[in-house]
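So the structure is just underneath, and the comments pick up after that.
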2 protein chains.
Amino acid sequence: MPESRRHEAIADELRRAIFDGRYPVGATLPSETELAASHGASRGTVRQAVSALLAEGLIGSRQGARRVVLSTTPSQSFTELRSFAQWARSGGRAAGGLVLASAWSAAHADEAGLLQVRHGAPVLRVLRLRTLDGEPVLLERTVYAEWIGPAVEALPDDCESVTRRLHDDTGLVFVHGEHHIDAVAAGTADAAHLRLRRGSPLLRVRRTTATADGRPIETSDDRYRPGSVVFSVRNSTRTNPLVRTHA
Amino acid sequence: MPESRRHEAIADELRRAIFDGRYPVGATLPSETELAASHGASRGTVRQAVSALLAEGLIGSRQGARRVVLSTTPSQSFTELRSFAQWARSGGRAAGGLVLASAWSAAHADEAGLLQVRHGAPVLRVLRLRTLDGEPVLLERTVYAEWIGPAVEALPDDCESVTRRLHDDTGLVFVHGEHHIDAVAAGTADAAHLRLRRGSPLLRVRRTTATADGRPIETSDDRYRPGSVVFSVRNSTRTNPLVRTHA
DNA sequence: TAGTGGTCTAGACCACGCC
DNA sequence: GCGTGGTCTAGACCACTAT
């Protein structure tokens, strides 16, 4: 399926060339003028295309020199990152899910801030265990805002892809996210559900997701069994999304 | 100091307005036409400015609707992320460093791949303990490529900012980076240097840094004491730098 | 339907690198 | 010095949101 936006078509073509090995790491890309001529587009459109690859960390750019290939590893769409099931499928693995607990209660101060609701507002708390090829790898403690809670409650307990179902049922789209990553020792509940010893290292990701207009949907404390998952970021002086903060 | 590039000046002005609270979370920004008029710039220049804020995750954008403020938290420069000392200083804390071991040896297969040198090529291995206000928080196992090794060896053992010294001494600039984040249990050496029990959770960041033209400088295995540091990423469907991979 | 952001063009000048 | 990417302009048309 050909991409209708010309800058996306050019970006796709360059990505394919990089992933196929036609431009290995260290190789230089054609100049903007050459790309514009070969695609019958203006220089502005070509620049829009290469700036996408720049943001993905695939290429580096310096004034005066041709662009250089830095990496040949594809990056993921936001949806693949957001959805456990879609991420698992893209890796050829089977994702499972099971709701262990689900209940309405009052938002704590920190949750109220993250979800932009008033302190004590009703929120839906869900404890969910996620499996990969039958093995438990992730324990999710998710807090949903009041307006989306009923749709979440209507889902089956063993729903494989919550993201997918919520999109199909309500048209909801997850657009923005913020992730905070650190390490914690497994508590009693973590150890029991993930089948490891108390005190074992866990990778913790606290995340908050919002709609296109910035309305918060959910905030979650996700704990991964060590060895099952790695988070990666590519960055540079020009585009730096990763931040290190004091705990 | 006024910014000479007009798009950066406009971006700075908008950032200041957001950090100062003139545009709180959820507020809408002026339209492109309004910003162009008020800054005496063309629409293209304004778009370049707001796209920077978009990449930083500060604002969200949808066709047809005005841009919305998503976050009022500043993001860091790549240098602040890269340099432990500069990061510590920006948080008002005192950074210390101490070289525990330093030796040349042959590159392993994985290191050779990351540093783009041949298997068995000479590399400089450095074990460094980093402290924050005197407390040990980070153990770095860094492998330097042969061409930069001598400059690293010339540094004093208690060098506070390696990044700063290498830049001043050799003109070296760290431009690109790749970070892989997961959790591991502390080994014997980790436990001894970071003063915690064997098996305690540690946040591990494996990173590789390169110059502007993509030449790898160093690759490192950094282990942080839990509770001392958190890594954060903001992302969206349009800009997604964070990737989750199978271990 | 009016306003907004997304896409695209065709040109210009400048700063920087490489040879 | 020449080629390259970085900046900027002024205009056009389209897709989408809001009212």
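These numbers come from a predicted model, not from an experiment. Note that these values count all heavy atoms, side chains included, but never hydrogens, waters or copies made by symmetry. Chain A is the first sequence line, chain B the second, and so forth, proteins listed ahead of strands; every chain is numbered from 1.
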Is the backbone of [Y] close enough, under 3.5 Å, to the side chain of [X] for a donor and an acceptor to pair up by distance?
{"X": "A:Thr209", "Y": "A:Ile217", "result": "no"}
{"X": "A:Arg234", "Y": "A:Glu56", "result": "yes"}
{"X": "B:Arg66", "Y": "B:Glu32", "result": "no"}
{"X": "A:Glu111", "Y": "A:Thr219", "result": "no"}

[atom1] of [X] versus [atom2] of [N]: gap in Å, rounded?
{"X": "B:Arg47", "N": "C:dG5", "atom1": "CZ", "atom2": "C1'", "value": "6 Å"}
{"X": "B:Gln48", "N": "D:dC8", "atom1": "CD", "atom2": "P", "value": "6 Å"}
{"X": "A:Arg67", "N": "C:dC16", "atom1": "CZ", "atom2": "C1'", "value": "14 Å"}
{"X": "B:Glu32", "N": "D:dC14", "atom1": "CD", "atom2": "C1'", "value": "14 Å"}
{"X": "B:Arg66", "N": "C:dG5", "atom1": "CZ", "atom2": "C1'", "value": "11 Å"}
{"X": "A:Leu35", "N": "D:dT4", "atom1": "CG", "atom2": "P", "value": "11 Å"}
{"X": "A:Gln63", "N": "D:dG5", "atom1": "CD", "atom2": "P", "value": "11 Å"}
{"X": "A:Arg6", "N": "C:dT7", "atom1": "CZ", "atom2": "P", "value": "13 Å"}

**Study point:** 5' priority, DNA chain C, between B:Leu29 and A:His7 [closest heavy atom]
**Key:**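 Nearer the 5' end of the strand: B:Leu29.
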
Review point. When you match A:Ser42 and A:Arg62 each to their closest nucleotide on DNA chain C, which lands nearer the 5' end?
Key: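 This one resolves to A:Ser42.
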
Review point. Reckon A:Arg43 touches a base, only the sugar-phosphate, or nothing at all at heavy-atom distances under 4.0 Å?
Key: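 Here A:Arg43 touches the bases of the nucleic acid.
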
Check your understanding: Any side-chain donor paired with an acceptor under 3.5 Å for B:Ser232 and A:His180?
Key ->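 Result is yes, a qualifying pair exists.
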
Review point. Which residue, B:Val46 or B:Ala65, contacts DNA chain D at a nucleotide closer to its 5' end, judged by nearest heavy atom?
Key: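 Taking each residue's closest nucleotide, the earlier one in sequence belongs to B:Val46.
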
Exercise for review: Using the closest heavy atom to pick a nucleotide of DNA chain D for each, name whichever of A:Leu54 or A:Gly64 lands nearer the 5' end.
Suggested key: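 Its nearest nucleotide lies further toward 5', so the answer is A:Gly64.
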
Point to revise | Residue-phosphate contact under 4.0 Å: A:Thr45 side-chain N/O, C:dT9 OP1/OP2 | key: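 The answer is yes; a side-chain N or O of A:Thr45 sits under 4.0 Å from OP1 or OP2.
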
Check your understanding: Would you say A:Ser61 reaches D:dG6's phosphate, i.e. side-chain N/O to OP1/OP2 under 4.0 Å?
Key ->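 For D:dG6, OP1/OP2 do have a side-chain N/O of A:Ser61 under 4.0 Å.
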
